[in-house]
Each structure stands twice: as C-alpha cells, then as structure tokens.
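Here is the structure we will look at, set down as structure tokens.
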Amino acid sequence: MRELALHILDIAENSVNAGASMVRISIHENTLADRLSFSLTDNGRGMDEELINQVLDPFYTTRTTRRVGLGLPLLKAAAELCNGGLTITSTVNKGSRVSCWFQHSHIDRMPLGDLVSTMTMLLIGYPDIHWIYRYEFNNRLFEFDDEYFKKELGAVALSEPSIISFLRGHLEEGMRGVREPLPLSVP
Amino acid sequence: MSTVKTLEDLKRIREEALEKKKAKATSGAIQVTVGMGTCGIAAGARDAMKSILDVIEADNLTGVIVTQTGCIGLCEKEPIVQVTIGEAPMVTYGKVTPDVAVLIMKEHVIKNQIVTGHQIHLP
C-alpha cells in the first residue's frame, strides 16, 4: 500500500470486523513540529495483550488468524523507518485505539493520499456505523460527524448520486479550507 | 444539477432523492458489494469502488446500494465485486480493475447483462 489513506481504510476495516458501532478517525498534519500523525479509535470488542502482540507480528498472525492481515506490521515498519512509530492500546469489550506517527518531512514517508475517497467509501460502505472524521492541519480543524448528516437524510441511501457528490464536495472543501493559509486581515 | 456542499443543503437533497426513489420503486433493488479486506485494498479495491461511485454520480443512477465487505477468502482474485439485482442470484466478479468496474456498471447494473469474461464462480 503506497498511501497512508489506504492504511487508514485497512485499519478502519479492522474496527468494523471487531463489531464497532462508532469509529473516530483523526489525522493531524503538523508541519511546524514536523510531524504527521493519525489515530483510529473504536468501541469494538477490543483485544487482550496477547492478541495485540499477535496483530503486530507478521509471521505469527498470517498463519493463525485469517481475520488479521499484514496491514498493521507493514505500517509499523514504514513508520519506524521515518522516525515514527505505531502503538495499539485496547481494552477488552471497550474498544481499541491505533496511533501512528511519522516525521512529516522524511523523504521515505508515504503520501497521505486520497483521504476523500477513503472517507467517502467508509461512510457509504458501512452506513450503520457512526463515523467521526477529524482532519487537523497546524492546529486548524475540520470535523465531520455523520450523525447529524444521517438524521437529516432519513431513509435516503448514501449511495444516491446526489449524496455521493455532496460527500465528496463537502470533505474536499473542508480539508482544503484548513490547509490553505488564512487570508491576511486588513486593519 | 448544481453541486452542494454545505450541510444546509441536505434537506433539499433528501427531498429530491426521495422523489426519485418513489419514481423508481417498481424495479428490483440493486446491490453492489466490494471486498475491502487487506488483500482487496492492496489489490486496488478502493480504485474499483471509486469507479463504481463515479459511474453512479456521472450517470445519475438512483436506487443502487453500494456496500463493502471484508475478505471473502479468494485473496488471489481480488479486487472482488458482487452484484445482486432483485431476486436474481448474486454474480461475483474477480480482478476488477477500475475499467472492469465501469464495464460491470454499464453492462450489468444498467442493462442487466452479466459481464461473463470477468465472472468467477465461488467454490
């Protein structure tokens, strides 16, 4: 996987498989501190210490549990190559949190990639899950909580053409809004 | 149709979508499912799903339900897309590149003609 956005999609799938009803995805690009970090927090069934170690071990997990893929060990290795890391904290029956960080300017750091596609697909593909998406750029925040959105839509399916356009446009504009520098204020 | 991006426009979108849904209620439901396990994502499932959504958006196709699923155990055939129309049995496609995804949408979903060349049979 050549984009962080694809890894985020992959980790979110783990949350779905863990029976989560709520998943929060936070991404923080901090160019001032030269750090790119993201985390996924869910309320799924969680993991004990042993399982956490297993999901991070590429050789052990692939042969025993089909449900757990190579995604996390590969991402951890990629982060460590870029002066970063990956940690998992989890409580059984409460949920899990995967945090990952990179040196933002590191030459080997994967690009963030197409976050709008990742988010649009999770929102449309798993309509029963409550998705919260936070994108921060140098402490300026764009947040999208789909609860209000779904309440407004009622029985309308999220894969309707007008809804797809709306989601793509709304996410793109929101992220661009926090990335662009603030206009200079004239006194 | 103008694009809408603010949350205030949602009410209007809802009304429009519900009207279209009423007009289309006679034909059977169409469900398109994309496999999004690690194997699927690594093989390009997100690009396939992006193409599917692009066709729905560009051709203004209403009444198509697009969902995701995890690994179904045929990792070597990923990306996998499954189509179910009304009461007809589900059709499974393998190695779905973005181009194949467009073909599936144009032929199977719109014209109800199975794209035989890319169909796979589940064991």
Side-chain angles (χ1 to χ4, degrees), chain A residues 1-3 5-14 16-17 62 66-72 74-75 113-114 116-118 120-129 144-145 148-174 177, chain B residues 1-22 24 29-73 75 109:
Chain A
M1 286 182 242
R2 291 178 300 271
E3 290 175 27
L6 287 176
H7 279 284
I8 290 169
L9 183 60
D10 183 42
I11 300 169
E13 297 286 331
N14 294 344
V16 173
N17 290 334
T62 47
R66 297 186 50 82
R67 215 163 45 70
V68 179
L70 271 167
L72 284 167
L74 288 174
L75 179 60
D114 191 352
V116 170
S117 283
T118 287
T120 310
M121 276 161 215
L122 289 171
L123 289 161
I124 293 172
Y126 298 109
D128 296 334
I129 290 178
F144 181 78
D145 185 329
Y148 168 81
F149 173 73
K150 282 179 191 159
K151 211 166 78 192
E152 280 297 319
L153 287 176
V156 177
L158 295 181
S159 48
E160 287 300 303
S162 52
I163 314 287
I164 297 171
S165 303
F166 171 84
L167 281 173
R168 285 176 164 174
H170 186 71
L171 294 171
E172 247 158 48
E173 264 186 17
Chain B
M1 188 174 53
S2 62
T3 51
V4 271
K5 287 152 197 101
T6 60
L7 292 172
E8 287 71 43
D9 291 314
L10 273 177
K11 282 200 180 77
R12 193 169 57 74
I13 298 179
R14 181 186 58 195
E15 299 310 322
E16 283 176 7
L18 282 176
E19 255 169 53
K20 280 183 199 148
K21 200 178 166 189
K22 249 184 267 165
K24 240 209 145 189
I30 302 173
Q31 179 144 6
V32 179
T33 306
V34 185
M36 282 278 182
T38 303
C39 46
I41 296 169
R46 196 189 61 176
D47 296 335
M49 184 155 170
K50 195 174 175 204
S51 285
I52 289 166
L53 298 181
D54 286 345
V55 173
I56 291 177
E57 208 183 342
D59 292 10
N60 204 15
L61 284 183
T62 61
V64 181
I65 309 288
V66 182
T67 53
Q68 293 178 29
T69 188
C71 174
I72 64 166
C75 308
V109 171

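Quick note: numbers below take in every heavy atom, side chains included, and nothing from hydrogens, waters or symmetry partners. Chain letters run A, B, ... following the sequence lines, proteins first and then strands; every chain starts at 1.
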Side-chain donor or acceptor of [X] paired with backbone N/O of [Y] under 3.5 Å:
X       : Y        : result
B:Arg46 : A:Leu9   : no
B:Gln68 : A:Met121 : yes
B:Thr67 : A:Gly125 : no

Of all of [options], which one pairs up most often with chain B through heavy atoms under 4.5 Å apart?
options                               : result
A:Glu172, A:Arg2, A:Glu3              : A:Glu3
A:Leu158, A:Ile124, A:Leu171, A:Ile11 : A:Ile124
A:Ile163, A:Leu122, A:Asp114          : A:Asp114

Does any backbone or side-chain atom of B:Asp54 lie under 4.5 Å from a heavy atom of chain A? Answer side chain, backbone, both or neither.
both

So, the part of B:Thr33 with a heavy atom under 4.5 Å from chain A: the answer is neither

Sort [X] into side chain, backbone, both or neither according to what part of it lies under 4.5 angstrom from a heavy atom of chain B.
X        : value
A:Thr120 : side chain
A:Phe149 : both
A:Glu152 : both

In this structure, CG of A:Leu167 is separated from CG of B:Leu53 (nearest 0.5 Å) by 9.5 Å

When rounded to the nearest 0.5 angstrom, what distance separates CG in B:Asn60 from OG in A:Ser162?
7.5 Å

For a 4.5 angstrom cut-off between non-hydrogen side-chain atoms, does B:Glu57 reach A:Glu160?
no

Below 4.5 Å, heavy atoms only, C-beta onward: do B:Met36 and A:Val16 meet side chain to side chain?
no

Could you pull out the closest heavy-atom pair between B:Val66 and A:Ser159, with the gap in Å?
N-OG, 3.2 Å

So which heavy atom on B:Thr69 is nearest to which on A:Glu13, and how close?
O-OE1, 4.4 Å

Would you please test A:His7 and B:Ile41 for side chain to side chain contact (heavy atoms under 4.5 Å, CB included) and show each step?
CA-CA 9 Å; A:His7 279 284; B:Ile41 296 169; over 6 Å; no

